[in-house]
2 protein chains.
Amino acid sequence: MAEEQDPGPVPSAAEIAAAWQRERPGTPTASIEVVTPIWRLAKLFADDRARVLRGAGIDAATLDLLSVVRRSGPPYALSTRQLAHRTLVTAGAISQRVARAEREGLVRRTPGTGRRSVLVELTEEGHALIERSVDAVLGREATLVAGLSPQERTLLIGLLDTLLTDVRRRVSAPPGPTAPGSRTGP
Amino acid sequence: MAEEQDPGPVPSAAEIAAAWQRERPGTPTASIEVVTPIWRLAKLFADDRARVLRGAGIDAATLDLLSVVRRSGPPYALSTRQLAHRTLVTAGAISQRVARAEREGLVRRTPGTGRRSVLVELTEEGHALIERSVDAVLGREATLVAGLSPQERTLLIGLLDTLLTDVRRRVSAPPGPTAPGSRTGP
DNA sequence: GCTGCTACGTTTAGACCTAAACATAGTCGA
DNA sequence: TCGACTATGTTTAGGTCTAAACGTAGCAGC
């Protein structure tokens with residue numbers, strides 16, 4: 001072996017807050033222990049999902065697209081606008097996602113009835129692919145969160161819901177999509 | 001006005017799970033109500049932070065970089081390897097982030113003492129910028145999570161920590177960085 | 001019938017990231 | 001000392017996203 005290898009564990013949220021207090025007493029670190037674990041969990045879930053999907057021949061963006069259409073029920077068709085709204089990305093991103101999925105034969109664009117809107121609808125192949133993928137992804141995620149007891153689970157869901165409602169209300173700016181990537185926080 | 005405007009609220013995690021059960025009875029939806037709010041909160045926090053930082057003339061990636069170095073304490077210098085480890089991104093991303101920050105005069109690359117490693121250290125200007133930005137970002141985030149009572153806050157932090165530890169243990173694959181973007185889930 | 005107005009979808013430019021290929025430099029054993 | 005190996009950091013290719021500019025298409029008032 002060469003030399004200094006293991007950089008040790010990634011500092012916990014509590015350690016990050018403590019470091020700021022040590023370096024800059026008075027820094028408002030109250031939010032760190034809430035926000036940081038949420039980011040890290042989101043990243044762990046996203047990374048793990050990407051790994052699971054890689055084997056299934058589909059990526060997370062396409063899974064999102066097909067999922068939303070599939071669970072909207074028959075006739076398995078939504079407008080671009082609805083897709084953008086429900087997947088929390090911009091209309092431009094949807095346009096590109098649909099183009100990719102269309103190129104792979106997973107969806108079909110049809111003119112919306114009487115409107116100028118465009119309906120995105122599942123092809124036979126797209127329907128089959130999402131049917132195959134959903135159970136794999138959700139089953140895997142179920143095992144990831146299986147460590148929580150039923151009580152803990154219920155409690156956590158309630159608290160997350162409270163926080164989500166609250167943050168949504170306080171974020172004045174349009175809830176549209178903005179920042180990419182994952183962050184580790186200050 | 002033209003026509004159909006408001007596409008309604010984004011479906012809640014509970015509604016998404018219910019939709020799957022309606023469309024595909026037996027789908028393992030147990031994880032949705034835990035994972036989805038975590039992703040949405042992460043996205044809300046990231047978007048809001050991006051907006052706050054836009055006014056401060058710095059982006060989230062650079063804030064991450066400067067923050068990690070700043071809170072490591074004197075002499076405010078870390079190796080590329082440590083930076084990659086602590087910010088949860090690849091070494092290539094760090095290389096690019098450092099290059100950008102260096103171009104803006106916020107950091108300086110110096111050869112590590114006796115090692116072949118490269119130390120990234122804050123310049124006067126970088127130090128001043130992070131000093132100005134941290135309070136703004138953390139202060140803003142403190143108000144976002146201020147809706148939780150002290151009891152709720154403590155409870156939530158504990159549950160998130162439990163879940164994080166648990167998920168980390170179950171994710172067998174290397175915890176390295178992989179998936180970009182934010183997802184809304186199946 | 002025109003003329004603005006608004007909503008919607010697509011296209012383009014630019015930003016950032018991952019993965020993988022490279023380039024280097026210490027380390028260790030024969 | 002030589003050579004394989006390992007750790008580090010940088011570069012490059014490719015991908016996805018946002019933001020903003022465009023292009024249309026219905027609608028409303030005159």
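The sequence lines fix the lettering, A, B, ..., with proteins before strands; numbering per chain opens at 1.
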Distance (rounded to the nearest 0.5 Å) between A:L163 CG and B:L144 CG: 9.0 Å
Residue met sooner reading DNA chain D from 5', once B:Q96 and B:T80 are mapped to nucleotides: B:T80
Nucleotide of C:dC8, D:dG9, C:dT18 approaching B:T90 most closely (side-chain heavy atoms): C:dT18
N or O in side chain of A:R100 less than 4.0 angstrom from D:dC17 OP1/OP2: yes
Candidates A:L155, A:I157, A:L156 - the one meeting side-chain contact (heavy atoms from CB on, under 4.5 Å) with A:R153: A:I157
Nearest-nucleotide pick for A:A91, side chain only, options being C:dT10, D:dT10, C:dA19: C:dT10
A:R51 side-chain N/O to C:dT18 phosphate OP1/OP2 under 4.0 Å: no
Residue A:R109, side-chain atoms from C-beta onward, closest of D:dA19, D:dC17, C:dT10: C:dT10
Side chain B:Q82 and base D:dT8 donor-acceptor under 3.5 Å: no
Among C:dC17, C:dC8, D:dT10, the one nearest B:A93 by side-chain distance: C:dC17
Gap between atoms CZ and C1', on B:R97 and D:dT10 respectively (whole Å): 16 Å
Whole angstrom value for the distance that separates P of C:dC8 from CG of A:L119: 13 Å
Of the listed nucleotides C:dG9, C:dC17, C:dA13, the one nearest the side chain of B:A61: C:dC17
A:S149 and A:Q151: side chain donor to acceptor below 3.5 Å: yes
Length of the CD1-C1' vector between B:I94 and C:dT18, whole Å: 13 Å
For A:R132, all residues meeting salt bridge (charged side-chain N to carboxylate O under 4.0 Å, His left out), sequence neighbours excluded: none
B:E104 CD - C:dA15 P separation (whole Å): 11 Å
Worked check of side chain to side chain contact (heavy atoms under 4.5 Å, CB included) between B:Q82 and B:S72: CA-CA 11 Å; B:Q82 289 174 308; B:S72 73; over 6 Å; no
Separation of atom NZ in A:K43 from atom C1' in C:dC16, rounded to whole Å: 13 Å
Residue-phosphate contact under 4.0 Å: A:R81 side-chain N/O, C:dG9 OP1/OP2: no
Spacing between B:L88 atom CG and C:dC17 atom P, to the nearest angstrom: 13 Å
Nearest-0.5 Å distance that lies between atom CZ in A:R24 and atom CG in B:D135: 4.5 Å
Carboxylate-amine/guanidinium contact B:R108 B:E121, below 4.0 Å: yes
Pairing annotation in dot-bracket form, given for DNA chain C with Watson-Crick or G-U pairs under 3.5 Å and | for cross-strand partners: ||||||||||||||||||||||||||||||
side-chain contact (heavy atoms from CB on, under 4.5 Å), paired with B:V107, selected from B:L66, B:T62, B:L119: B:L66
Atom pair distance, as rounded to whole Å: CG in A:L63 and C1' in D:dT16: 16 Å
Value in whole Å for how far the C1' atom of D:dG14 lies from CG of A:D59: 14 Å
